Structures are given as structure tokens and as C-alpha cells.
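Report on one structure; see the data block that follows.
These figures come from a predicted structure and were not determined experimentally. Just the heavy atoms: all of them, side chains too, but no hydrogens, waters or symmetry mates, feed the values below. Whatever order the structure lists ligands and atoms in, that order sets their numbers, starting from 1.
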Amino acid sequence: MSRDSLSVSAVAHPNIAFIKYWGNRDNRLRLPVNGSISMNLGALATKTRVTFSPSYPRDALTVNGMAMSDAAAERVSEVLDEIRRLSGRSDFADVVSETNFPLGVGIASSAAAFSALALAAAGAAGLELKEAGLSRLARLGSGSACRSVPGGFCEWKSGGSDEDSIAHSIAPADHWHLVDLIAIFSTAHKKVGSSAGHPSAATSPYQEARVLDAPRRIQVCREAILTRDFDRLAIVSEEDSTMMHCVMMTQRPALFYWEPGSLALMKAVPAWRAEGLAAFYTLDAGPNVHVICEAGSADEVEARIRAFPTVQDVIRSGAGGPAHVVSSGLILMD
Ligand code: PMV
């Protein structure tokens, strides 16, 4: 017997947060304790194809050619469960994902992955969701993924509930030609990822102060982006990154993501700024340092980063657009 099944592919970009998300008020729904602001990274992408079929015995996940049966596959199934609930269908799904950048090293691979999954799976299940609904679905897999659904510069409002804790675009990708130069010190998969780290954030005595001050940082960051005020964005982003890492380093169990090379670059970048070379740094849950600059100074900044002996590589990306469906069609199932 053969049946038709809809297969939908979607592409999404990872994002780099200038104001970070760390800690949840609801760990299952990934409702954050504070809002956050990020920029999508257009040169980096994840493409995911989802097919639902009554003939599949279970959900299957393949990432870059490797069949996955770990926690990642479970998280994918949780998002698929929500799509099955919303669409009223019970079929399992085949999920095939490919990325053009290293995974699990602080380049928000899960943000791109769950954003692409939300679009492809909702489409394949026949759900017609608007951006807000897709952002919510992506958030269930990885909080920061909700910011990869809209385009350009995005703000995730912590919101009051599951329905309104979603991201929206505050400016399109071409609003400001910022470049993220990601200094790669290590491509080893991090031992403790964000999902395991968020639940312990509240054990740090610094988390309360970080969260209380977050509305101020959000406002400064939003205004700096809207007015293209590089110095203001630089100062608030470095401050926010360091505040998050202070919490990480003092939560129990403690998480130290910085390596000696990360710290050397973190000390150099503000010194370059003081000399007149506009750049700032920010780090997610990994040792790799994101150095942000304007497009006109990217070559000079990249050359300086590459001069660090422990830098293995530099990945460059400008701002990117929204997650989008790239193909959809009926395939014949055996
Ligand atoms: O979305 P998660 O669970 O991967 O958490 C992301 C956390 C940070 O990358 C460290 C900060 C952020 O806002 O992206």
C-alpha cells in the first residue's frame, strides 16, 4: 500500500544575543526570567526536512548524516508531540537536518535547529501558524530558537504566559550592516549545554541582580540598535555577557565556559575600541568569542583576531533574515 505524505523543508539561521537569556521561570515551557535581544547570523544556516507518515514506527532524527538517538532526538520529539497535539494527527515524523557550521560550541546551533524544525514540521503537519505561533513552537525546543524565527534584530519578550513569550523583529537585517566574527578556540562539543545550565541559574546569588537590571539593559540595547549607536551597543553587550558568565561561574554546579584564549581576546577588544577600532565581544555558552563590528572594519578586526596564536579559525557572518520554508511537496510513501 502506498500513501502520499507531505514533506516540507525550512532554513533558519542561528542568532547571537546582545542581551542574553539565562534561567527560566518554567523549565518545561522554557519561559525565561528575562527578555533578550539578538541578531540572526545570515551566513550560517540549518536546513531541516520533516515528513510525517503513518508508516513510520517512531520519530527519527538525522543530523549531518548521523542518526541521533540521544537527548537531542527526545527534544525534537517533544516539539513534534506539540505539533501532533495542535494538528490532531498521530503520525511519527522523519527529520533530516544539515548545518554549515560546527554544533554545540556556542554558536546557537540549537536556535537554528529548533527554528527550522518548527517551520518545517508545522508545514508538514498542515498547520497554518503565524510568526508568533512558530516562535512559540521553536521556544519549546530551545528558548533562544524563538528569536531565530523572525528576521534581522529580534527581541524576545519574556511575556506572561506560554502564548505571549515570543520574539518579534525590531529591525530588519539590512537596518545595520553589523558583522559577527566568531573566534573559534575549540570545536569540542561542550560538556554542559544551556538546557542543563538554565535550571541552576537561580542558585547563583548574582542571578537576582542580573534579572532585576535586565529591563534597563534591554531598553539601552533596543535604542542602540534602532539609532545605530555602536558605542552604546558595545558597552551594554559586553556588560550583559559578563553578567551572564558571572552567574554561570557562581551557580551550582558552576559552569566555566571561558578558556585562556577567550579571556585574552576579551581583554584586547575593548583596548582596540579605545584606539578607535569599533568592535565589542560577547560570549554564549561556550569558549568561542563573538566579536561584533561594522562591515567596514571587518577585515581589520578579523586580521587582528587571526593573529592570536590560540585562534583556530574565524567564522564571519552579517545579519540574517527570518526562518523560511524552502520547499514543500507530496512524496509517495511505500
Ligand atoms: O536557547 P538555549 O537553551 O540554547 O539557551 C541559550 C543561552 C545563551 O546562548 C547562553 C544566551 C542566549 O540568549 O542566546
Do the ring planes of His245 and Tyr257 sit parallel (below 30°), tilted (30 to 60°) or perpendicular (above 60°)? perpendicular

What residues join Val211 in its hydrophobic cluster, counting side-chain heavy atom gaps under 4.5 Å, either direct or through other members? Val33

Main-chain N/O of Glu163 paired with Arg136 side-chain donor or acceptor, under 3.5 Å: no

Give me the ring orientation class for His198 and Tyr21: parallel if the planes are under 30° apart, tilted from 30 to 60°, perpendicular past 60°. parallel

Look up atom CG in Leu137 and atom CD1 in Ile166, then write down how far apart they are to the nearest 0.5 Å. 11.5 Å

With a 4.0 Å heavy-atom cut-off, what residues sit around ligand 1? Ala17, Lys20, Tyr21, Ser110, Ser142, Gly143, Ser144, Arg147, Ser194, His198, Met244, Asp284, Ala285

Keeping the roles fixed (side chain from Ser165, backbone from Ser158), state whether a donor-acceptor pair exists under 3.5 Å. yes

